[in-house]
Amino acid sequence: MPKRALSAQEPILGDEDPASPALRARAAGKRGGTGGHPGRAEADRFRQPDSILYPPPPTADQGPSDRSRDWQCECGAGWRHRPIHSRLSAQAGQRGIGGRVSDQEREARRARLEALRSEGVDPFPARVGEWLPIADLRERYEPMDAERLEAEPQSVAVVGRIMASRSFGKLMFLRIVEAGESIQVSAKKNELEEATFRFIRELDVGDFVRFEGDLWRTRTGELTVDAKSVQLLAKSLRGLPEKWHGLSDLEVRYRQRYLDLVVNEDARRIAILRSRTVSAMRRFLDARGFLEVETPILQPLYGGATARPFITRHNTYDQQLYLRIATELYLKRLVTGGLDRVYEIGHDFRNEGVSRKHNPEFTMMECYQAYADYRDIMELVESMVREIAMEVQGTHQIEYAGEKIDLSGPWPRLPLCQAIEEATGIDVLACADADSLRAAVREKKMGSGDSPTWATLVDDLFSDHVEPKLIQPVFITDHPVELSPLAKRSQEDPRLVERFEPYIAAMEVGNAFSELNDPDDQRARMEEQLQNHADGDEEAHPVDEDFLRTLEHAMPPTGGLGMGIDRLVMLLADAPNIREVILFPHLRPETS
RNA sequence: GGGCGCGUAGCUCAAUUGGCAGAGCAAGGGACUCUUAAUCCCUAGGUUGAAGGUUCGAUUCCUUCCGCGCUCACCA
């Protein structure tokens, strides 16, 4: 690697200025750490060993005795936990007199920043000298033993964020992290110019730096860069979260996700896993001849799902618009237009409550395949999930919330009404109307029977008695027509539709049907929805005349699928809450 | 939106029956050339989420509000 002069050498603080705050300051007592724990409730529900999110419960006198002290044994994660100034700190600072002194850390860092500037050092330089990724460095030099490194000096340059600093007065060890990889850096007073050693000593945990130096191995054999020169890349004015217990406050983790990512290995792991999941899905669909398209997010009329929309307004046209709740109706227009296989991955917005499984804006993949029916789509779902799991986790055997789940197909097909009968003994199809079904529900004590219609009673039975048991992958098929206004009627039973929902770990991860393409039936269903809306169901569909006109031009027989990306990632990541897989989940506004 | 729980130093957590709000880490000063939760000495750091109330006295009990979590409802 080519060497270059080090910017930090020249304009760095000189010995002649002992009064400089930056000189008087000292970076000491900062160490690397492992472990940590999350919010109590979730930790208890989803405990896993060696996990940041779900570690063993904390005890007051807990020590590291049962943990490996070798950072390499913990996948290079020894840097994970550091202290921060969170928003709480900011609040404390704004609170007035009482909070003043709690800002001492930031004030000390700011003083060092100003000292650097007064010495002519740019604390936020635009250019970074050449450097070697730490992952590459390890691959190249880890095989070399101490003797060889001494006999054949290997000069390298690395960059990263300082995660730990341990000083022995004349010897310092730092740990820096770059791209999820970490390496130790040493600084030896008797081998460095005074100014350089002082400069390194003044660095804070959280700073971004670049070091050049020769590789050596410590007595414990750890590969270490012995700094010969240093360049400050970006000065940190706020510390990182606590090194041992880490950052576990869920609110801070969600609001300041960057800190979560810096400090919690699992946050980083999930972010990467999500990205790889989406790209694997794209590759799968692309390979099957699907065309990725984009349809409007701002829509004059919403549809394609039963949900309340967000409402917004376009000023120029003085037009009320809705944020889409689904992409369905637009994608079907494209199939009608001859784009036979299309898909879209994007956000839908539903103006409803939040929960472990729901975020108001979430990522949906919808795809439509002409000349196919819902059975073809079942095969597509099986194959897709299988391939994605293999690509991102390397296996079809995953574990979610302690349950071992086998994704290798074929997945069973289980008609919804049959599933209900097996679970409750109630043959819903034998009950001709809502009243007779309600009587059966109450007789068998399988629920309150309060829902108004036959279909909603069926839905209640399914949710209460079947859904929680659907741990292994299964396709629940043939839903009541009233619950599926966009699906084609079943050939065998006009009360049902050709629809299925894949369930994994008791979570509905998708929804698919043979798409309704009969414009008259579609109009009748939409008008029925309109009546429901008038009767107070705010989630019922509006009638979309433009969509009906589309069907009148004829849409080919089509199989369609919607799949919740967030939930799929939850499964693959073994994440207990949707907020763990959304980088910036919806939260209430922060109050001052 | 309903129910339950939580909110204490920058972070992670203590505080007996209502009786002087503490510790570890982080921060500041000092010692230290093989540490990796380094160690040791010293220092500073708090409107106990907010506002009321009860009380001689409230982190503790009551009310309201704010935020978070779990859960129910709704949805994917």
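Every value quoted in this text rests on a predicted model; they were computed, and no experiment measured them. Chain letters run A, B, ... following the sequence lines, proteins first, then strands; residues in each count from 1.
Pair assignment for B:G18 gives none, since no Watson-Crick or G-U wobble pairing has each distance under 3.5 Å. When Watson-Crick and G-U wobble pairs are counted only if both distances are under 3.5 Å, B:G57 pairs with no nucleotide at all. When Watson-Crick and G-U wobble pairs are counted only if both distances are under 3.5 Å, B:U36 pairs with no nucleotide at all. Base-pair partner of B:G7: B:C66 (Watson-Crick or G-U wobble, both distances under 3.5 Å).
Under the 3.5 Å distance criterion, the side-chain polar atoms of A:Asn264 are left unmatched by any main-chain donor or acceptor of A:Ala267. Remark: side-chain polar atoms of A:Glu344 are paired, donor with acceptor, to backbone N or O of A:Thr295 under 3.5 angstrom.
A:Leu323 has its CG atom 17 Å from the P atom of B:A76, to the nearest Å. We find that CG of A:Asn190 is positioned 12 Å from P of B:C34, with the value rounded to whole Å. Computed from coordinates, the A:Asp348 CG to B:A76 P distance equals 10 Å when rounded to whole Å. Between A:Leu486 atom CG and B:A76 atom C1' the separation is 15 Å, expressed in whole Å. Remark: P of B:A73 and CD of A:Glu467 are 10 Å apart, rounded to the nearest angstrom. Per the geometry, NZ belonging to A:Lys188 stands 12 Å off C1' belonging to B:U35, to the nearest Å. Summarising the geometry, the separation between CG on A:Leu483 and P on B:A76 is reported as 10 Å, rounded to the nearest angstrom. Rounded to a whole Å, the CZ atom of A:Phe197 is 11 Å from the P atom of B:C32.
Between the side chain of A:Thr218 and the base of B:U35 there is at least one donor-acceptor pair of N/O atoms closer than 3.5 Å. Residue A:Ser355 places no side-chain atom within donor-acceptor reach of the base of B:U71, judged by atom type and a 3.5 Å distance cut-off alone.
For the pair A:Arg255 and B:C68, the criterion of a side-chain N or O lying under 4.0 Å from OP1 or OP2 is met. Not one side-chain nitrogen or oxygen of A:Ser186 sits closer than 4.0 Å to the OP1 or OP2 atom of B:U36. A close approach under 4.0 Å does occur between a side-chain nitrogen or oxygen of A:Arg112 and OP1 or OP2 of B:G28. Within the 4.0 Å cut-off from OP1 or OP2 of B:C74, not a single side-chain nitrogen or oxygen of A:Arg308 is found.
B:G46 and B:A23 have their C1' atoms separated by 14 Å, given to the nearest Å. The C1' atoms of B:G2 and B:C62 are separated by 22 Å, rounded to the nearest whole Å. Rounded to whole Å, the C1' atom of B:A31 lies 46 Å from the corresponding atom of B:G18. Atom P of B:C20 sits at a distance of 12 Å from the matching atom of B:A58, rounded to the whole Å. Comparing the P positions of B:G7 and B:C13 gives a spacing of 11 Å, expressed to the nearest Å. B:A76 and B:U63 have their P atoms separated by 38 Å, with the value rounded to a whole Å. For B:C65 and B:G28, the C1' atoms lie 38 Å apart once the distance is rounded to whole Å. If you take atom P in B:A9 and the same atom in B:A14, they sit 12 Å apart, rounded to whole Å.
Counting non-hydrogen atoms under 4.0 angstrom, A:Lys170 reaches a base of the nucleic acid. Counting any heavy atom pair closer than 4.0 Å across all strands shown, A:Asn359 reaches a base atom. Counting any heavy atom pair closer than 4.0 Å across all strands shown, A:Lys357 reaches a base atom.
When each of A:Leu587 and A:Asp566 is assigned the nucleotide of RNA chain B with its nearest heavy atom, A:Leu587 is the one assigned upstream, toward the 5' end.
Which of B:G67, B:U36, B:U12 sits closest to the side chain of A:Leu247 comes down to B:U12. For A:Phe173, taking side-chain heavy atoms from C-beta onward, the closest of the listed nucleotides B:C34, B:A76, B:U12 is B:C34. In this structure, the nucleotide among B:U71, B:U36, B:C34 sitting nearest to the side chain of A:Trp216 is B:C34. With B:C13, B:C70, B:U35 as the choices, the nucleotide that has an atom nearest any side-chain atom of A:Asn577 turns out to be B:C70. Checking B:U12, B:U35, B:G28 against the side-chain heavy atoms of A:Arg166 singles out B:U35 as nearest. Minimum atom distance to the side chain of A:Phe168 is reached by B:C32, of the listed B:C68, B:U12, B:C32. Checked against B:C34, B:U36, B:A76, the side chain of A:Arg175 finds its nearest nucleotide in B:U36. Across B:U33, B:U35, B:U71, the shortest atom-to-atom separation from the side chain of A:Leu171 is found for B:U33. Considering only side-chain atoms of A:Asp204, the nucleotide from B:C68, B:U36, B:G28 that sits closest is B:G28. Side-chain atoms of A:Thr220 lie closest to B:U35 of the nucleotides B:C32, B:U35, B:C68.
You'll find the side chain of A:Val381 stays beyond 4.5 Å of the side chain of A:Tyr374, heavy atoms only. For the pair A:Val497 and A:Val481, the minimum side-chain heavy-atom distance is below 4.5 Å. Proximity of A:Met446 to A:Leu461: side-chain heavy atoms (C-beta onward) are separated by under 4.5 Å at one or more points.
Scanning for salt bridge (Lys or Arg N to Asp or Glu O under 4.0 Å) contacts around A:Arg567 gives an empty result, with sequence neighbours left out. Residues satisfying the salt bridge (Lys or Arg N to Asp or Glu O under 4.0 Å) criterion with A:Lys235, sequence neighbours excluded, are A:Asp204, A:Asp207.
The aromatic rings of A:Trp411 and A:Phe475 are tilted relative to each other, their planes meeting at an angle between 30° and 60°.
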